[in-house]
A.B. asks: 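Right, I'll just put the structure down here and ask away after.
Here is how names work: the chains are called A, B, and so on, in the same order as the sequence lines, proteins then strands, and each is numbered from 1. It should be emphasised that the depicted structure is a prediction, and the values quoted were computed from it without experimental measurement.
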Amino acid sequence: MRIALFADIHSNLDALTACLTEAEAEGAERYAFLGDLVGYGAEPGAVIDVVAEHAARGAVVIRGNHDAAAVAGETDTMRDVAAAAIDWTRGQLDARQLAFLQGLPLTVREGEVLYVHASAEQPSQWIYVSDEYMAARSLAASGGARYVLSGHVHEPTLFYTSAAERPVPFTPVPGKAIPVPAHRRWLAIVGSVGQPRDHNTAASWAMLDLARHTLTFHRVPYDWRSAAAKIRAAGLPEFLAARIERGE
Amino acid sequence: MAGELELGETLDGFRIDEQVHSGGMAVLYRVSGPPSDFPLLMKVPRLGHGEPASSLISFEVEQMVLEALEGPYVPRFVAKGDLARVPYIVMEQIVGRSLAEWVGRSPLPADEVARIGAALANALHSIHLQDAIHLDLKPSNVMLRPDGHAVLVDFGLAHHGHFPDLLSEEYRRPIGSAPYMSPEQIAGGRSDPRSDLFSLGVVLYELATGQYPFGTPTSERGLRARLWSPPLPPRAIVADVPEWLQEVILHCLEVDAGERYPAASQVAFDLTHPEQVAVGDRGRRLRLPGTLTILRRWIRATGYEPPEVPRPSATVSRASIVLAAVASTHTNEAQADAIREAVRRIMAAGGHTRLAVVSVVKPTSDLGGDTEQDTASRQRIRHLVVLRHWAETLQLTAGQVSFHVVESADPAEALLAYARANQVDHIVIGAPPRDVALRGMLGAVSSRVAPDAAPEPLSFFRLLGTVSTKVAAEAPCTVTVVRARSAG
């Protein structure tokens with residue numbers, strides 16, 4: 001079973017389309033969207049429609065903090081640009097799209113795999129898995145899952161557990177299949193589809209192969225000029241357009 | 001978990017035919033299975049009660065790294081067994097002998113040390129280019145095939161830049177084999193390919209002198225001594241060790257990785273071109289430095305930190321070998337200038353690029369010289385003078401550039417063979433003139449075809465015109481085909 005993983009799409013349809021095209025070419029058999037479908041970008045409705053189509057065919061879709069904010073209109077904890085984008089996003093979505101976001105679960109557990117947007121420790125608190133310590137807490141709260149697959153943090157990272165069950169971070173090399181045998185536990189942050197922040201403009205996604213026990217992180221160049229132009233045309237904060245032009 | 005297997009037993013389709021080795025960490029069996037054009041070896045780790053957990057992690061590392069590596073310098077990977085079930089690796093059984101057999105006969109003559117050392121360096125370069133580092137290089141982990149190629153075995157302590165380093169977090173103490181371990185490894189660094197070059201230096205030292213440069217320390221303090229206490233120069237132990245060989249060995253054994261060769265390919269280059277080694281004080285010294293120098297080294301060692309290396313191939317790729325194919329008797333100054341400018345731009349990119357200036361000349365016998373001027377060695381010197389002059393304005397240091405006159409009736413094949421044998425990364429070669437496609441004059445081909453020479457048979461020019469084409473088509477690396485800008 002090859003599962004294609006997409007996180008932090010952030011209303012970037014250009015990036016999502018590029019990732020989905022590559023995932024299909026790589027033989028994806030299942031799709032999982034790890035939250036934050038919306039926010040920041042200019043095409044929230046179109047992104048939700050694409051994801052909802054996949055969901056209808058059995059894809060896993062998880063709720064992210066931006067999705068929750070778009071539903072509830074609560075942006076108190078967000079930075080100004082994020083809050084501005086959420087306010088704008090709410091006005092773009094129809095009832096069906098809002099209902100889709102509203103129905104998303106915080107976590108999905110399937111066998112050895114746990115899908116969650118941020119830390120598995122109190123998923124609704126959106127805790128960043130930003131270091132070994134936070135990774136250990138997320139793994140501890142994952143109900144014994146071998147593979148915890150998340151987003152929220154935008155830089156692709158793979159935490160593996162040492163013999164002492166201590167997670168250790170690894171920055172993956174794009175396109176290289178990493179053996180992830182099931183006798184260890186793994187926490188993967190698959191990177192952001194729609195708003196990469198590691199000084200590389202290319203969109204991130206990852207493929208987990210449960211038969212071969214490998215995980216491959218991918219980077220796909222996409223038309224960020226188009227995505228940035230749409231952000232500007234929508235009147236969203238300039239910072240959000242500039243950000244995807246620089247990948248930071 | 002896995003213990004010893006019964007002969008005749010079948011595991012995942014592999015029949016156990018013979019136990020060939022029973023070591024402390026693993027047992028090796030000759031096995032038969034699906035048809036293959038090489039003999040198969042199964043390695044099974046010793047696990048279970050009384051075996052350290054580290055041996056399982058080490059085996060996991062070996063499975064991961066060996067499966068990812070390619071090329072003739074590592075055993076070909078065939079299959080692996082799930083660690084949670086029956087861990088094993090099935091791989092190519094290397095037909096050849098262990099380098100450990102040579103150590104018993106050391107000190108060996110310099111040419112033999114150089115031959116083995118170059119084979120080892122080529123093997124290391126191959127895995128370094130693949131982003132892997134062996135980190136446990138020693139004679140018992142090297143097999144020599146009958147054709148002289150070296151094969152690296154036992155990747156249980158290896159690091160691969162594409163994968164999490166499972167070993168780095170498991171050990172608080174340095175891991176490796178005490179006599180061969182680099183200063184970086186002693187300080188916990190596991191990501192620098194130049195660590196393998198240090199170990200290579202230890203192996204060369206051992207082969208050349210019959211002794212370990214830093215003994216066989218058993219304590220961490222004893223290990224750290226190599227950070228400040230320099231080894232006795234090989235020539236002080238075996239007077240026959242030539243200066244160039246000592247230069248190469250001590251260059252590999254520099255404490256600071258940045259002072260060592262930047263890439264294994266450059267070690268191989270020096271070992272196969274002894275006459276081109278720039279011998280300095282390092283190669284000539286016959287005794288240890290004075291107390292004051294050692295004290296200074298000791299003070300520096302107290303603050304030692306291994307260099308940060310982002311990815312193994314990162315340092316190697318900045319240490320390329322560039323081959324410039326240059327005519328040793330210019331018939332086309334504009335083209336010689338254009339090749340030099342192309343080379344200058346490549347060298348200006350920085351790093352530790354080395355330049356080999358190569359001229360292919362027709363075999364002397366074909367030239368039919370009958371005066372003293374035309375004897376082979378005189379010819380050779382004349383060609384070298386031209387090549388050196390060509391390179392002068394590049395202002396390269398002695399260790400950065402070398403000059404080679406190769407005799408061959410087939411210039412393209414000669415250049416390709418040179419590039420393959422010397423791990424060349426980039427060839428710069430002249431294009432045939434645009435307006436005389438068939439009369440293509442290649443920079444690398446010597447003199448005798450001057451513009452004003454009598455017309456030669458068409459087939460000969462056709463041959464010349466195809467040299468750069470053939471090189472570009474068949475080279476194992478990047479090829480820049482240079483043409484001087486014409487006015488029209």
A.B. asks: By side chain to side chain donor-acceptor pair (under 3.5 Å), which residues pair with A:Y128, not counting sequence neighbours?
C.D. replies: none
A.B. asks: Hey, are the side chains of B:L166 and A:R184 touching, using non-hydrogen atoms and a 4.5 Å cut-off?
C.D. replies: yes
A.B. asks: Is it the case that over 12 heavy atoms from other parts of the model lie below 6.0 angstrom from the CZ atom of A:R57?
C.D. replies: yes
A.B. asks: If you count heavy atoms of other groups shown closer than 6.0 angstrom to CD of A:E238, is the number above 12?
C.D. replies: yes
A.B. asks: Do B:R311 and A:T171 have side chains that approach each other closer than 4.5 Å (heavy atoms only, starting at C-beta)?
C.D. replies: no
A.B. asks: Is it the backbone or the side chain of B:Q63 that comes under 4.5 Å from a heavy atom of chain A, or both, or neither?
C.D. replies: neither
A.B. asks: Counting neighbours of CZ on B:F38 that are heavy atoms of other residues, nucleotides or ligands and sit closer than 6.0 Å, is the number greater than 12?
C.D. replies: yes
A.B. asks: Quick one, B:P164 and A:V168 - any side-chain contact, counting heavy atoms below 4.5 Å?
C.D. replies: no
A.B. asks: Report which part of A:I178 has an atom under 4.5 Å of a heavy atom belonging to chain B: side chain, backbone, both, or neither.
C.D. replies: both
A.B. asks: Please flag which part of A:P172 lies under 4.5 Å from any non-hydrogen atom of chain B: side chain, backbone, both or neither.
C.D. replies: neither
A.B. asks: Once rounded to the nearest 0.5 Å, what's the spacing between atom CG of B:L83 and atom NE2 of A:H213?
C.D. replies: 11.5 Å
A.B. asks: Tell me if the CD atom of A:E24 is crowded by more than 12 foreign heavy atoms within 6.0 Å.
C.D. replies: no
A.B. asks: Using non-hydrogen atoms only, which part of A:A182 is less than 4.5 Å away from chain B: side chain, backbone, both, or neither?
C.D. replies: neither
A.B. asks: Distance check, rounded to the nearest 0.5 Å: B:F163 atom CZ versus A:T214 atom OG1?
C.D. replies: 10.0 Å
